[in-house]
Amino acid sequence: VSVDVRAGALEQAERSEAIDIGLRVFVGQKQANVSASDISDRTIEEMAMRAVAMAKEAPDVPITGVASPDQLTQGWDVDALDLSDPTPEPGADDLQADALAAESAAMAVDGVSQVQQATAAYGARDIWLAASNGFSGGYRRTDRALSCVAIAGTGTEMERDYSGDSRIFQSDLRSAEEIGTEAGHRTVERQGARKPPTGTYSVLFDERISSSLIGHLLVAANGSSVARGSSWLRDKLGQQILPDGINLIEDPHRPRTSGTRPFDAEGLPTQRRLIVEDGTLTGWTLDLATARTLGMTSTGNAARGTSAPPSPSNWNVTLDSGTNTRDDLIRDMGTGLLVTSMIGSTINPNTGDYSRGAAGMWVENGEIAYPVNECTIAGNLIDMLRAIVPANAARTHLSRVVPSLLVPGMTLAGNCPAFADRRGPDRRTGRDQLCRADCGPLGQTRRCRPGDRGRPGGERSSGANTAACTARLWLVGRRNRG
């Protein structure tokens with residue numbers, strides 16, 4: 001059930017109920033997967049016939065097959081995991097009231113001009129897995145969510161930010177007033193944003209988005225990436241990838257958490273494990289297929305939907321916290337960028353080269369100075385992760401518990417420190433010409449002379465060739481090409 005409100009009125013209400021069923025069939029070392037949304041006897045019979053026919057035509061894949069009986073989990077306590085809220089399902093009126101309260105709280109913040117959308121939702125799912133090796137088990141999951149997106153300013157000065165919460169138990173959900181107020185304050189704080197200077201600075205990833213940095217590590221440590229050879233961690237097993245003393249722990253049995261699983265999608269037991277111990281990478285995230293490919297043992301991390309075979313996925317992860325508060329890290333970083341939101345992503349899976357659009361707050365002399373946007377941060381994940389300094393606090397109810405992370409020495413592309421040179425009077429007007437060169441990659445600056453447009457230029461300090469010169473002659477009230 002989902003309810004959206006806008007401008008104090010209901011905008012959209014949606015309710016959906018469905019059943020999905022999937023069938024994965026093995027014929028020797030061949031496999032096929034089919035799914036349907038109907039559980040009638042006729043549909044199930046047709047699914048079985050089609051799946052077998054498809055599997056017979058599929059190529060042999062030696063790594064396929066179900067788990068052996070001795071690999072299967074022998075028992076689990078779903079009640080101890082608190083995956084389902086026993087309280088009654090909220091009605092559409094209750095959801096609408098929460099969304100309206102969040103919108104009203106956001107609008108009450110001075111500077112907020114409108115609320116783009118406030119949404120309240122509830123969901124419940126029953127999951128069951130059965131296999132020919134004798135495994136059969138299932139569990140129920142619920143979730144309750146509330147979010148609000150606020151807008152401040154108008155036209156080109158418009159800024160937007162959000163707040164939200166999602167919990168398994170409705171009683172754990174933050175209040176609508178708190179969510180709306182936080183969305184409003186976050187939005188107003190972004191007003192007057194400008195580009196930061198280009199250069200090399202410390203970057204503090206706020207706790208709101210710091211888990212994305214660890215997410216790149218998890219993708220690179222995923223058995224599918226390693227088996228394909230497309231992981232920048234492929235040669236790092238047993239080596240240092242995080243600072244000394246820092247652990248990255250996976251715990252699939254943390255109660256009331258979205259990443260909790262009593263067993264994986266192949267019926268294997270899930271278990272607590274150290275992905276990184278004392279800064280050292282200890283292993284990959286594996287299902288049966290990737291484990292067989294790499295000559296290893298499954299870590300019980302298979303995940304799947306009804307329409308595709310399993311693949312490795314992480315459950316709940318926690319990165320060790322540090323000793324300094326977020327404010328301490330801001331003070332100690334001196335001058336740099338506090339990142340609160342990110343857009344786009346250019347990550348080279350083979351080398352770990354990292355580049356993302358970012359927005360947040362500029363820090364000068366250890367204090368937040370002004371909001372910034374339209375900038376790019378870049379580095380290499382191998383170097384970045386080895387240098388992280390974690391703060392001492394993170395939200396513990398999240399599936400990925402990662403504190404704010406300080407990364408020193410990142411490249412920041414914002415305002416171009418282009419050289420501006422007077423080149424003498426224009427012959428036709430008698431007014432001075434001002435040559436402004438565009439920045440090269442990551443803020444590299446080059447000087448150009450009139451007439452150089454389209455020709456390779458040289459960076460004056462290094463003499464190295466750069467891309468074609470894009471300088472233009474700027475005159476008062478008009479522009480000529482140089």
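Numbers here simply count residues along the sequence, with the first being 1. Quick caveat: nothing in here was measured; it's all calculated off a predicted structure.
Between V112 and M107, the closest heavy-atom pair is CG1-SD, 4.0 Å. In plain terms, the two heavy atoms of A227 and L294 that are nearest each other are CA-CD2, 4.0 Å. For L319 against P403, the heavy-atom pair with the smallest separation is O-CD, 3.9 Å. Across all their heavy atoms, W315 and A302 have their closest contact at CH2-O, 3.4 Å. Across all their heavy atoms, N247 and L274 have their closest contact at CB-CD2, 4.0 Å. The two residues Y370 and P197 make their nearest non-hydrogen contact at OH-CD, 4.1 Å.
Put simply, the side chain of T198 gets close to the backbone of G414: a donor and an acceptor are under 3.5 Å apart. The main-chain N or O of A176 is never found under 3.5 Å from a side-chain atom of D98 such that the two would form a donor-acceptor pair. Not a single donor-acceptor pair under 3.5 Å links the side chain of N316 to the backbone N or O of E250. Looking only at distances, a side-chain donor or acceptor of T293 sits under 3.5 Å from a matching main-chain atom of A289. The closest donor-acceptor contact from the side chain of Q170 to the backbone of P88 lies under 3.5 Å. T270 contributes no side-chain N or O that, together with a main-chain N or O of D264, makes up a donor-acceptor pair within less than 3.5 Å. Remark: the backbone N or O of S225 is not paired with any side-chain donor or acceptor of R234 at under 3.5 angstrom. A donor-acceptor pair is defined here as one N or O able to donate and one able to accept, closer than 3.5 Å; no such pair exists between the side chain of D161 and the backbone of A183. Between the side chain of T299 and the main chain of L286, a donor-acceptor pair closer than 3.5 Å is present. With hydrogens and angles disregarded, no donor-acceptor distance shorter than 3.5 Å links the side chain of T376 to the backbone of A413.
For D126, the CG atom counts as densely surrounded, since its 6.0 Å shell holds more than 12 non-hydrogen atoms of other residues, nucleotides or ligands. By the neighbour-count criterion of 12 heavy atoms within 6.0 Å, atom CD of Q239 is densely surrounded, having more than that number from other residues, nucleotides or ligands. For E367, the CD atom is loosely surrounded, since the number of other residues' heavy atoms within 6.0 Å does not exceed 12. Annotation: R386, atom CZ; neighbour count of heavy atoms from other residues, nucleotides and ligands within 6.0 Å is above 12.
If you run salt bridge (Lys or Arg N to Asp or Glu O under 4.0 Å) between D82 and each of R141, R256, R140, only R256 comes through. Between D85 and the choices D172, T142, D143, the side-chain contact (heavy atoms from CB on, under 4.5 Å) rule is met once, by T142.
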Would you check, one step at a time, whether the test side chain to side chain contact (heavy atoms under 4.5 Å, CB included) holds for V226 with L233?
CA-CA 8 Å; V226 177; L233 287 178; over 6 Å; no

Could you walk me through whether L406 and S404 pass side chain to side chain contact (heavy atoms under 4.5 Å, CB included), step by step?
CA-CA 7 Å; L406 178 64; S404 298; over 6 Å; no

What's the verdict on side chain to side chain donor-acceptor pair (under 3.5 Å) for T323 and N392, showing C-alpha distance, side-chain angles and the deciding distance?
CA-CA 5 Å; T323 57; N392 66 350; over 6 Å; no

Evaluation steps, side chain to side chain contact (heavy atoms under 4.5 Å, CB included), between S35 and D20
CA-CA 7 Å; S35 61; D20 292 321; over 6 Å; no

Please assess T351 against N380 for the test side chain to side chain donor-acceptor pair (under 3.5 Å), listing each intermediate value before the final yes or no.
CA-CA 8 Å; T351 65; N380 183 275; 4.8 Å; no

Would you please test V339 and R356 for side chain to side chain contact (heavy atoms under 4.5 Å, CB included) and show each step?
CA-CA 11 Å; V339 179; R356 296 199 65 179; over 6 Å; no

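Between V401 and R254 the shortest side-chain heavy-atom distance falls below 4.5 Å. Residues V3 and L10 meet the side-chain proximity criterion, which asks for heavy atoms closer than 4.5 Å. P349 has its side chain out of reach of R228: every pair of non-hydrogen atoms, C-beta onward, lies at least 4.5 Å apart. Counting heavy atoms from C-beta on, the side chains of M384 and H216 never come closer than 4.5 Å. Residues Q116 and R160 meet the side-chain proximity criterion, which asks for heavy atoms closer than 4.5 Å. Within the 4.5 Å cutoff, the side chain of I275 has heavy atoms near those of the L218 side chain. Put simply, the side chain of T340 does not reach to within 4.5 Å of the side chain of E189, judged on heavy atoms. Inter-residue side-chain proximity for F169 and P86 is flagged as met; some heavy-atom pair is nearer than 4.5 Å.
Rounding to the nearest 0.5 Å gives a distance of 6.0 Å between CG of L83 and OG1 of T260. Atom OH of Y122 is separated from atom CG of L173 by 12.5 Å, given to the nearest 0.5 angstrom. To the nearest 0.5 Å, the span separating CZ on R395 from CZ on R208 amounts to 8.5 Å. With rounding to the nearest 0.5 Å, the separation of CZ in R186 from OG in S341 is 10.5 Å. In this structure, the separation between CG on N222 and CH2 on W284 is 10.5 Å, given to the nearest 0.5 Å. Put simply, CG on D4 and OG on S2 are 5.0 Å apart, with the number rounded to the nearest 0.5 Å.
A salt bridge is defined here as a Lys NZ or Arg NE, NH1 or NH2 lying under 4.0 Å from an Asp or Glu carboxylate O, and R15 with E89 meets this definition. A salt bridge links R331 to D328: at least one charged side-chain nitrogen sits closer than 4.0 Å to a carboxylate oxygen. Checked for salt-bridge contact, D165 and R167 meet the test: a charged N lies under 4.0 Å from a carboxylate O. Looking at R144 and D94, no side-chain N of the basic residue comes within less than 4.0 Å of a carboxylate O on the acidic one, giving no salt bridge.
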